[in-house]
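These numbers come from a predicted model, not from an experiment. Any value given below was found using the heavy atoms of this structure, including those in side chains, with hydrogens, waters and symmetry copies removed.
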Amino acid sequence: VQLPASGGGLVQSGGSLRLSCAASGRTFSGHVMAWFRQAPGKQRELVAAITSGGTTRYRDSLLGRFTISRDNAKNTVYLQTDSLKPEDTAVYYCAATRSSRVIHSAALYEYWGQGTLVTVSS
């Protein structure tokens with residue numbers, strides 16, 4: 001099973017990036033998919049999650065700037081990041097859990113991919 005995240009890069013403050021995670025090895029249409037991020041010296045934190053039915057949850061501080069979506073036919077989850085700020089700089093990870101509801105704890109996600117680095121310059 002692979003959950004490779006892509007789409008990261010260097011962007012100026014106020015810019016946008018679209019992250020993608022095209023899963024392979026199994027179907028995740030029935031799983032909750034999520035994006036986490038981890039900045040240097042900080043704990044991994046939930047950015048956004050989406051259930052199989054399309055219900056979304058966001059970290060409060062990111063509401064309105066980030067949008068999570070999924071395409072079950074492509075086994076892919078996306079994260080549109082807008083109005084990026086330097087404090088959004090982190091490695092962003094794609095994850096999945098068999099749970100039917102959103103879980104905020106990274107420890108309870110069974111599947112993880114390698115991350116993609118997002119760097120926002122001021």
(message) If hydrophobic clusters are built by linking Ile, Leu, Val, Met, Phe, Trp and Tyr wherever their side-chain heavy atoms come under 4.5 Å apart, do Phe36 and Tyr111 end up in the same one?
(response) no

(request) Any chance you could measure His31, atom NE2, to Ser52, atom OG, to the nearest 0.5 Å? (result) 10.0 Å

(message) Could you see if Leu62 belongs to whatever hydrophobic cluster contains Leu46? Use Ile, Leu, Val, Met, Phe, Trp, Tyr and a side-chain cutoff under 4.5 Å.
(response) no

(request) Could you tell me which non-hydrogen atom of Glu110 sits nearest to which non-hydrogen atom of Arg98, and how far apart they are? (result) OE1-N, 3.1 Å

(request) For the pair Thr76 (side chain) and Lys74 (backbone), establish whether a donor and an acceptor sit closer than 3.5 Å, ignoring hydrogens and angles. (result) yes

(request) Say whether, by atom type as modelled, one donor and one acceptor occur between the side chain of Asn75 and the main chain of Phe28 under 3.5 angstrom. (result) yes

(request) Say whether Asp82 and Ser16, considering side chains only, have a donor N or O and an acceptor N or O under 3.5 Å apart. (result) yes

(request) Report yes if the side chains of Cys94 and Met33 come closer than 4.5 Å at any heavy-atom pair, otherwise no. (result) yes

(request) State the OG-CG distance between Ser83 and Asp88, to the nearest 0.5 angstrom. (result) 9.5 Å

(message) When you measure from the side chain of Ser13 to the backbone of Ser122, do you find a donor-acceptor pair of N or O atoms at a distance under 3.5 Å?
(response) no

(request) With rounding to the nearest 0.5 Å, note down the distance linking CG in Leu3 to CD in Gln114. (result) 9.0 Å

(request) Report yes if the side chains of Val11 and Thr119 come closer than 4.5 Å at any heavy-atom pair, otherwise no. (result) no

(message) Looking at every non-hydrogen atom in both residues, tell me the closest pair between Ala49 and Val102 and how far apart they are.
(response) CB-CG1, 3.7 Å

(request) Answer whether the closest heavy-atom distance between the side chains of Glu45 and Arg37 falls below 4.5 Å. (result) yes

(message) Classify the ring geometry of Tyr93 against Trp112: parallel below 30°, tilted from 30° to 60°, perpendicular beyond 60°.
(response) perpendicular

(request) Assess Arg59 against Trp35: is NZ or CZ under 6.0 Å from the centre of the six-membered ring, and within 45 degrees of the ring's axis? (result) no

(message) Test of understanding: clusters of I, L, V, M, F, W, Y form through side-chain heavy atoms closer than 4.5 Å, transitively. Do Ile103 and Val47 belong to the same one?
(response) no

(request) Please say whether the positively charged group of Arg70, taken as NZ for Lys or CZ for Arg, lies over the ring of Tyr78, i.e. under 6.0 angstrom from the six-membered ring centre and within 45 degrees of the axis. (result) no

(message) Quick check: do Val118 and Thr89 have side-chain heavy atoms less than 4.5 Å from each other?
(response) no

(message) Test your reading of the model: is there a side-chain donor-acceptor pair from Gln43 to the backbone of Gln38, 3.5 Å cut-off?
(response) no

(request) Could you check if a side-chain atom of Thr67 sits within less than 4.5 angstrom of a side-chain atom of Tyr58, using non-hydrogen atoms only? (result) yes

(request) Group every Ile, Leu, Val, Met, Phe, Trp and Tyr by side-chain heavy-atom contacts under 4.5 Å, then state whether Val32 and Leu108 land in the same group. (result) yes

(message) Quick check for you: to the nearest 0.5 Å, what is the distance between Thr27 atom OG1 and Asn72 atom CG?
(response) 9.5 Å

(message) Can you tell me how the ring of Phe66 sits relative to the ring of Tyr92, calling it parallel under 30°, perpendicular over 60° and tilted otherwise?
(response) tilted

(request) For residues Ile50 and Val77, determine if any side-chain heavy atom of one lies less than 4.5 Å from a side-chain heavy atom of the other. (result) yes

(request) Mind checking side-chain hydrogen bond (donor to acceptor under 3.5 Å, both in side chains) for Gln2 and listing every partner two or more places apart, or none if nothing turns up? (result) none

(request) Say whether Leu63 and Ile68 are linked into one hydrophobic cluster, either directly or through other cluster members, by side-chain heavy-atom distances under 4.5 angstrom. (result) yes

